[in-house]
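Structure first, then comments.
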Amino acid sequence: MSEDLRTPRALSDPALFIAGQGPAAGSVTLVIPTFNEAGNIGELLARLADVLPTGPACEVLFVDDSTDDTPAVIEKAALDLPFPVAVLHRESAEGGLGGAVVEGVRRADGDWIVVMDADLQHPPHLVPELVGAGERTGAGLVVASRHLPGGSRAGLAGSHRIAVSRAATWLAKGLFPRALRGISDPMSGFFAIRRPLVTTDALAPLGYKILLELAVRCRPDRVAEVPFVFQDRHCGASKSGAREGLRFLAHLAVLRSSTPPARMIGFGLIGLSGFVPNLFALWLLTHAGVHYLPAEIAANQAGVLWNFALVEALLFRDRRRHRHWADRVGRFALLANADLLLRIPLIALFVGRLGMQVLPATALALVTTFVLRFAATEALVYMPRPARTARTTKS
Ligand code: GDD
Ligand code: MN
């Protein structure tokens with residue numbers, strides 16, 4: 001990520017703050033992601049100034065990916081404020097909204113981190129209440145919820161967005177019943193979390209649902225909720241669209257398959273889905289007059305590529321950087337084809353030596369090569385390589 005000149009390395013660096021000093025003990029860092037929100041900044045900061053304590057107990061960190069003059073507007077507005085305000089402008093908007101929040105959380109020094117939107121859909125007067133509820137109840141995470149009595153989604157434009165939000169909530173809660181217990185609104189983007197609970201290295205959010213990411217990966221044992229009315233946008237337009245929906249589904253898949261057994265099931269399901277492109281390619285090639293044997297081999301590659309794309313996007317998303325993509329494709333394809341080659345002698349072994357029937361022998365060979373292929377793919381394609389220095393040490 002490249003940063004611009006207004007952004008020193010650490011939040012504790014006083015130069016990052018436009019006004020005031022760094023945070024104090026028992027403090028709160030407000031992390032506010034912004035993308036072209038120039039029209040909302042003045043009102044947002046004014047309303048925060050009405051409710052936040054003055055002095056260094058509170059600090060505001062904007063993580064900005066704007067292409068308009070939002071950072072300049074923040075800097076100007078910050079001069080009149082009684083608490084420290086910083087803006088981190090990112091040149092490349094890596095990870096979008098989720099990436100911006102993780103970046104802010106990584107730099108936050110407060111005992112509590114409050115994440116909120118800049119467009120005033122999240123009422124600023126609730127910030128002290130979120131932290132207060134956490135302190136009172138001993139909860140590690142406090143969620144501002146639209147689904148509690150007293151809360152509502154008044155500002156969610158259109159009945160289809162309400163239906164989508166409801167379906168997304170059910171889906172998330174169905175997939176993560178334990179991690180989301182006590183959270184009535186896992187889609188909320190407004191919450192407070194204790195800083196020590198957050199392990200930023202484990203975070204890899206995909207899209208907008210950063211609370212879901214934190215609740216599933218950091219697993220706070222106690223959760224509290226505060227009702228809130230989702231307001232209309234003060235100014236400007238929402239940045240989320242249909243693509244966000246697809247990202248959300250991918251995010252759920254990535255989170256759900258983050259344990260080894262779940263990853264193995266995912267690997268199997270993806271393998272099964274590969275039959276579709278495989279058979280389709282076989283049909284195309286044989287209809288084009290290709291002999292069925294070379295067609296089988298070529299069609300198998302279509303299935304392999306399909307599987308590779310899904311495995312990369314859903315299962316090992318966070319483990320791709322250790323090897324170049326061409327290296328990964330090559331290894332993946334080699335293992336997938338070796339799987340076919342290995343299966344035949346294995347079936348012969350089960351039938352010839354162990355006296356098994358052909359069908360159970362084939363099923364056993366399928367399961368055996370599947371487990372071997374999963375283990376080999378994880379170890380040979382997606383495992384981090386040992387550090388170079390290990391090789392140069394002489395014994
Ligand atoms: N830094 C950064 N980078 N900020 C971004 C980006 C980005 O790529 N995209 C959006 N933002 C900021 C916006 O400027 C705003 O402050 C906040 O993130 C929310 O973006 P909106 O575009 O207003 O999102 P929304 O209103 O559709 O969604 C909000 O409400 C949902 C509940 O319905 C978000 O809070 C979601 O997290 C929440 O689930
Ligand atoms: Mn919004």
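Computed from a predicted structure; not experimentally measured. As the structure lists them, so they are numbered: ligands from 1, and atoms in each ligand from 1.
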Taking the Mn ion (ligand 2) as the center, what protein N, O or S atoms are found at less than 2.8 Å?
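Protein N/O/S atoms under 2.8 Å of the Mn ion (ligand 2): Asp119 OD2, Gln121 OE1.
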
I'd like the name of whichever of Tyr208, Phe230, Phe35 reaches closest to atom 20 (O) of ligand 1 through any heavy atom.
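The option holding the nearest heavy atom is Tyr208.
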
From atom 7 (C) of ligand 1, work out which of Leu97, Asp64, Thr70 has a heavy atom at the shortest distance.
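Looking at heavy atoms only, the winner is Leu97.
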
One residue to check: [X]. Relative to ligand 1, which of side chain, backbone, both or neither has a non-hydrogen atom less than 4.0 Å away?
{"X": "Arg146", "result": "side chain"}
{"X": "Pro33", "result": "both"}
{"X": "Ile210", "result": "neither"}

Please identify which atoms of ligand 1 are closer than 4.0 Å to at least one heavy atom of [X].
{"X": "Arg233", "value": "21 (P), 22 (O), 23 (O)"}
{"X": "Gly189", "value": "35 (O), 37 (O), 38 (C)"}
{"X": "Ala100", "value": "1 (N), 2 (C)"}
{"X": "Thr34", "value": "1 (N), 2 (C), 4 (N), 14 (O)"}
{"X": "Met187", "value": "32 (C), 38 (C), 39 (O)"}
{"X": "Ser238", "value": "22 (O), 24 (O), 25 (P), 27 (O)"}
{"X": "His122", "value": "35 (O)"}
{"X": "Glu37", "value": "13 (C), 14 (O), 15 (C), 16 (O)"}

Which residue pairs pass the ring pair (Phe, Tyr, Trp, His ring centres under 6.0 Å) test with at least one member in residues 325-361, sequence neighbours excluded?
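Every pair satisfying ring pair (Phe, Tyr, Trp, His ring centres under 6.0 Å) with a residue in residues 325-361: Phe308-Phe332.
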
In terms of relative ring orientation, are Phe230 and His122 parallel, tilted or perpendicular, with 30° and 60° separating the classes?
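Taking His122 first and then Phe230, their aromatic rings sit tilted (interplane angle of 30° to 60°).
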
May I ask whether Lys209 places a heavy atom under 4.0 Å from ligand 1?
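Contact check Lys209 vs ligand 1: positive.
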
Can you tell me how far apart CG (Asn307) and CG (Asn278) are? Round to the nearest 0.5 Å.
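If we round to the nearest 0.5 Å, Asn307:CG and Asn278:CG are 9.0 Å apart.
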
